[in-house]
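No experiment lies behind these values; they were computed from the predicted model shown. Start at 1 and go down the list; that is how both ligands and their atoms are numbered.
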Amino acid sequence: MSSSNPAPGPLVDGPHDPEHDPRASYALEPDQVDRLTGRVLSTTGRTAAVHSPIDGSPLAHIPQSSAEDVAEAYRRARAAQAAWARTSLEDRSAALLRLHDIVLDRQDEILDLIQLESGKARKHAFDEPLHIALTARYYARTARQHLETRRLSGVVPGLTRVEVNRVPKGVVGIISPWNYPFTMALCDGLPALLAGNAVVAKPDAQTMLSALLGARLLEEAGFPKDLWQVVAGPGRELGPPIIERADYICFTGSTATGKVIAGQCAERLIGCSLELGGKNPILVLRDADVERAAEGAVRASFSNAGQLCVSTERMFVADQVYDRFMERFVARTQALTLGATLSWESDMGTLISEGQLETVTAHVEDAVAKGAVVRTGGRARPDLAPYFFEPTILEGVSPEMICFGNETFGPVVSVYRFHDEADAVARANDGDYGLNASIYSQDGDRARRMARQIKCGTVNINEAFAATFASIEAPMGGMRESGMGRRQGSEGILRYTEPQSVATQRLLRFSPMLGMSEETYAKVMTLNLRLMKKLGRA
Ligand code: NAD
């Protein structure tokens with residue numbers, strides 16, 4: 001593995017000259033790159049380079065889209081959506097099930113690309129096709145349950161027939177981040193397609209190839225090509241033209257950007273779901289299985305080098321088990337195999353970019369300068385890869401330190417001791433975020449009771465994060481500044497539909513009949529209301 005420095009230079013590097021395409025050690029086949037980049041809707045002649053964080057070598061030059069290209073993407077998507085909305089739920093579900101198989105069959109290719117673009121460990125990359133397969137299967141198998149027209153009881157039993165249709169919104173704009181570049185680009189789109197929508201996707205600039213592979217696999221699974229448009233470019237430039245034309249926006253990324261997007265959606269009165277940041281806590285109670293908690297804590301803190309929205313950055317550990325837990329947590333962390341390679345051997349890979357490395361380094365240096373203690377890690381490791389940072393456990397973190405309340409989004413966790421569980425819950429609830437939490441206790445009932453007091457959208461008991469995230473029937477998302485709306489479950493698909501109520505009235509009118517006065521009509525209706533309540537009707 002090379003440990004050379006990253007290729008410097010601006011991201012947008014002008015027209016791409018294939019003659020001078022310097023592919024290095026982790027080079028992709030030119031054919032493969034062309035097949036993927038050809039999927040971007042772009043007429044600008046401009047490209048932006050993608051470099052691998054593994055060794056800084058260039059991977060591809062991604063064509064860049066303009067606002068006009070975004071408009072064209074919507075035109076194509078709208079035309080495709082009109083035809084798609086007329087297809088049967090069976091046909092749409094079948095395409096999802098084919099995607100399920102393709103993703104499992106082609107996992108090596110998917111994992112290579114994810115790793116090349118993100119530098120994450122292979123076992124963490126595997127979570128991505130896994131999540132897509134789970135999502136595809138769940139929605140394919142539950143399509144009718146969510147989308148079929150439902151009969152409801154009408155106001156006059158027997159005479160008012162009510163049905164609710166689920167009408168697709170139209171074209172959904174999906175803006176996704178780089179940290180799980182394959183699944184974050186795809187997973188929210190699967191229920192959108194199943195519900196009869198088209199998608200215009202703008203993945204993050206750093207990980208376009210993984211997202212483009214997802215688009216190709218959708219096509220291979222039988223989804224019409226124009227149904228899933230991909231545009232590329234800086235979020236600040238393409239965000240407004242995307243939101244201007246969308247019927248709904250699904251955004252995953254930082255809280256700061258989420259607020260900007262929510263404002264723009266509000267201007268147009270379109271709905272949006274926002275999956276944002278977190279400062280997620282773990283509580284290790286006095287009756288926890290310490291070994292299990294330490295295993296979970298390692299995964300919770302260092303999966304994808306901590307660049308995971310639901311990863312843990314704060315840990316509250318009961319006095320009674322603190323020393324035993326810390327000994328096991330530190331030992332397990334020190335035993336991790338670090339390395340930015342495509343093999344299955346590494347337990348943790350590199351951060352994705354220089355910007356990420358700067359943030360993580362700044363948070364740790366600030367904490368140490370103000371008195372925090374590094375129990376393990378704490379250093380950048382350019383010998384492993386240009387942006388590598390060691391898994392780091394801090395003690396003695398206090399409110400004046402940056403990493404106390406701000407999301408680091410890196411492999412850094414602060415551990416605090418607690419004496420009183422109510423106090424631990426209050427500290428876990430401190431701050432503005434509310435994405436994910438974990439509780440370790442051998443008393444499931446007690447932990448579940450405690451979960452109700454935690455202000456987070458997901459709470460995992462005796463698990464780091466995977467139990468909720470991989471249970472696709474359960475809604476996933478954030479409270480407070482961690483987001484709005486939910487992915488997964490019925491919430492994750494109904495957000496892409498408009499409920500349309502259709503009532504058919506027989507015989508009785510909603511006005512006086514047979515010469516009845518308005519006053520008599522009011523009396524009859526009053527009697528009727530009292531009777532309905534007595535009969536126990538809703
Ligand atoms: P970011 O908000 O900067 O970027 C995310 C996406 O938004 C990218 O595609 C980017 O190009 C685009 N974007 C940026 N500015 C935009 C604008 N003004 N208008 C429209 N689009 C814009 O996020 P990031 O810092 O690159 O990603 C990491 C963050 O994402 C972390 O805070 C993390 O917690 C969060 N995240 C949350 C989840 C979740 O499910 N809750 C999942 C992954 C990441």
Would you call the rings of F409 and W178 parallel, tilted or perpendicular, where under 30° means parallel and over 60° means perpendicular? perpendicular

Donor-acceptor pairs under 3.5 angstrom involving side-chain atoms of residues 256-265: please list them, not counting sequence neighbours.
unit_1, atom_1, unit_2, atom_2, d
T257, OG1, S254, OG, 3.0
K259, NZ, E481, OE1, 3.2
K259, NZ, E481, OE2, 3.0

Looking at the rings of Y138 and H146, which for Trp means the six-membered one, are their centres under 6.0 Å apart? yes

Neighbour count above 12 (heavy atom, 6.0 Å) for E267 CD: no

Tell me the residues surrounding ligand 1, counting only those with a heavy atom closer than 4.0 angstrom, sorted by chain and number. I175, S176, P177, W178, N179, K202, P203, D204, G235, R236, G239, F251, T252, G253, S254, T257, I261, E275, L276, G277, C309, E407, F409, L435, R487

Ionic contact status for K225 with E219, cut-off 4.0 Å: no

Atom pair CG (L113) and CZ (R106), whose distance is rounded to the nearest 0.5 Å: 11.0 Å

